[in-house]
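Presented below is the structure to which this report refers.
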Protein chains: 2
Amino acid sequence: MSVNYGILPSLIGFNLRRTQVRIFQAFAETVGRFDITPGQFGVLEIINSNPGFNQSELGAAMGVDRSTVVAVIDRLEGRGLVVRAPSRRDRRSYALRLSDTGKDLLAKLQPLVLEHDRLAGQNLDDSEVKKLIGYLQKLQGT
Amino acid sequence: MSVNYGILPSLIGFNLRRTQVRIFQAFAETVGRFDITPGQFGVLEIINSNPGFNQSELGAAMGVDRSTVVAVIDRLEGRGLVVRAPSRRDRRSYALRLSDTGKDLLAKLQPLVLEHDRLAGQNLDDSEVKKLIGYLQKLQGT
DNA sequence: TATTGTTATACTCTATAACTATA
DNA sequence: TATAGTTATAGAGTATAACAATA
C-alpha cells in the first residue's frame with residue numbers, strides 16, 4: 001500500500017518525531033528488558049551525576065513541571081532505585097540520590113544504552129553522527 | 001544552576017528527544033492557536049493526501065494501532081473536521097475524508113506549519129537542514 | 001478464518017490549580 | 001510572600017484483548 005504523506009516529509013518536526021519513535025522502540029526491545037524507559041534512564045543518569053538535587057531542580061534539568069516529577073520518583077523509589085533523603089539545608093525538600101541497587105542497575109544500563117545508541121546510528125558513519133548531534137544541539141539553542 | 005548530564009549529551013536518542021520536545025512546544029505556541037497538535041496536523045495531512053483511506057490504513061501510515069485511531073478520529077469528527085463516510089467496497093470500514101471545514105482549516109494550517117518549521121530550523125542554513133533531514137531519514141531506515 | 005471498527009481497560013507522560021509545610 | 005512537595009484532576013497518546021459485523 002503506497003501512502004502519500006503530503007508536506008510532512010519536508011518538515012524537520014515530522015522527521016524528528018518519526019526517528020525518535022523508532023529509536024525508542026529499539027530502546028524498549030533492548031534496554032527495556034530491565035523495565036526502564038528512556039526517560040527513566042535519563043532521570044537515573046541525572047540524579048547520579050548531580051547527587052543532592054531536589055525534585056524541583058531535577059524537573060528543571062529535565063524540562064518538566066515539578067508535579068510531574070512526583071510520580072516519576074514515586075515509581076523509581078517504589079522499585080528501590082532512588083532514595084528521598086531529608087535535606088539538611090531545607091526541610092521542605094528532599095535530597096535525591098541513587099540507592100546501592102540503583103547504582104548497580106545504572107552501571108549495568110550504561111553500556112547497554114551506549115550500545116543501543118550505537119546500533120541506532122549504524123546507518124551513519126562516525127562523522128555523520130557527530131554532525132547530526134551538532135545540528136540537533138543547534139536546534140535546541142545549545 | 002549548572003547541571004551535569006552524564007553520558008546523555010553523547011546519545012542520539014537523548015538529543016533527538018530534547019530537540020523534538022522543544023519544537024513541539026514552539027508548534028503549540030504558533031499552530032496551537034487552532035487547537036491542533038502536531039499529531040493531529042499529521043492526520044489531517046495524511047487523510048487529505050489519501051482520501052478514502054480507512055482507519056486501519058491510516059493507523060498503518062502513522063505507525064499506531066487501529067484502536068488508537070478510533071479516539072483520534074472521534075475527536076476530529078466531533079469537531080467537524082473529518083467525515084466517516086460509508087465505504088462502498090467494504091461495509092465493515094469507513095472511507096475517511098476531510099469535511100469542507102477540515103479542508104479550509106488544513107489550507108490555513110499548511111503555511112503556518114511550514115513557517116513554524118522554518119523558524120525551528122533557523123539556527124541551520126538550508127544545506128544543513130537538508131543534511132539533517134537526510135540523516136534522520138537514514139536513521140528511520142528510509 | 002481473517003479483518004474492520006469498537007469498547008473496556010490500563011499505563012505513561014504531561015500540565016494546572018490548590019493545599020501544607022517551611023522559608 | 002514565596003517556594004517545595006503533594007494531591008486531585010484532566011487530557012493526549014499509546015497498547016492489548018475481546019466482541020459484533022462483515023469479508
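Within every chain, numbering begins at 1; the chains are lettered A, B, ... in the order of the sequence lines, protein sequences first and strands thereafter. Fair warning: this is a prediction, and the values are worked out from it, not measured in the lab.
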Starting at atom CG of B:Asp65, determine the distance to atom C1' of C:dC11, rounded to an integer number of angstrom.
15 Å
Closest to the side chain of A:Arg66, out of C:dC13, D:dA4, C:dT6, is D:dA4
CG (B:Asp125) with more than 12 external heavy atoms under 6.0 Å:
yes
A:Gln55 vs A:Arg17, nearer the 5' end of DNA chain D by closest nucleotide
A:Gln55
Rounding to a whole Å, what distance do you find between A:Arg18:CZ and D:dT14:P?
11 Å
Expressed in angstrom and rounded to an integer, what is the separation of B:Asp74 atom CG from C:dT6 atom P?
7 Å
Can you find a side chain N or O atom of A:Arg84 that sits less than 4.0 Å from OP1 or OP2 on D:dT6?
yes
Can you check whether B:Gly80's main-chain N or O pairs, donor with acceptor, with B:Ser99's side chain at less than 3.5 Å?
yes
Any side-chain donor paired with an acceptor under 3.5 Å for A:Gln55 and A:Arg84?
yes
Verify side-chain contact (heavy atoms from CB on, under 4.5 Å) between A:Phe53 and A:Arg97, making sure each step is shown before the conclusion.
CA-CA 8 Å; A:Phe53 256 27; A:Arg97 60 174 172 77; over 6 Å; no
Would you tell me if any nitrogen or oxygen in the side chain of A:Thr68 comes within less than 4.0 Å of OP1 or OP2 on C:dT16?
no
Donor-acceptor pair present, B:Arg92 side chain and C:dG5 base, under 3.5 Å:
no
Side chain of A:Tyr94 only, please: which of C:dT6, C:dT4, D:dG5 is the nearest?
D:dG5
Heavy atoms under 4.0 Å, any strand shown: does B:Val64 hit a base, just sugar-phosphate, or nothing?
sugar-phosphate
How close or far is atom P of C:dC13 from atom CD of B:Gln25, stated in whole angstroms?
17 Å
Starting at atom CZ of A:Phe24, determine the distance to atom C1' of C:dC11, rounded to an integer number of angstrom.
17 Å
For A:Gly63 and A:Arg89, find the nucleotide of DNA chain C closest to each by heavy atoms; which residue's nucleotide sits nearer the 5' end?
A:Gly63
Strictly below 4.0 Å: does B:Ser67 bring a side-chain N or O up to OP1 or OP2 of C:dG5?
no
Using a cut-off of less than 4.0 Å, is there contact between a side-chain N or O of A:Thr37 and OP1 or OP2 of C:dT12?
no
Expressed as a whole number of angstroms, how long is the span from B:Ile73:CD1 to D:dG13:C1'?
14 Å
Looking at A:Ser93 and C:dT22, is any side-chain donor or acceptor paired with a base atom of the opposite kind under 3.5 Å?
no
Between A:Tyr135 and B:Tyr135, what is the ring plane arrangement, given parallel below 30°, perpendicular above 60°, and tilted in between?
parallel
If I take atom CD from residue A:Glu45 and atom CG from residue A:Leu109, how far apart are they, to the nearest 0.5 angstrom?
9.5 Å
OP1, OP2 of D:dA12 versus side-chain N and O of B:Gln40: anything below 4.0 Å?
no
Rounded to the nearest Å, what distance is computed from the CG atom of residue B:Asn54 to the P atom of nucleotide D:dT22?
16 Å
Could you give the CG-to-C1' distance, from A:Asp90 to D:dA2, as a whole number of Å?
12 Å
Ignoring backbone atoms, test whether A:Arg91 places a side-chain nitrogen or oxygen under 4.0 Å from the OP1 or OP2 oxygen of C:dA23.
yes
Within the pair B:Arg75 and D:dA12, is there a side-chain N or O less than 4.0 Å away from OP1 or OP2?
yes
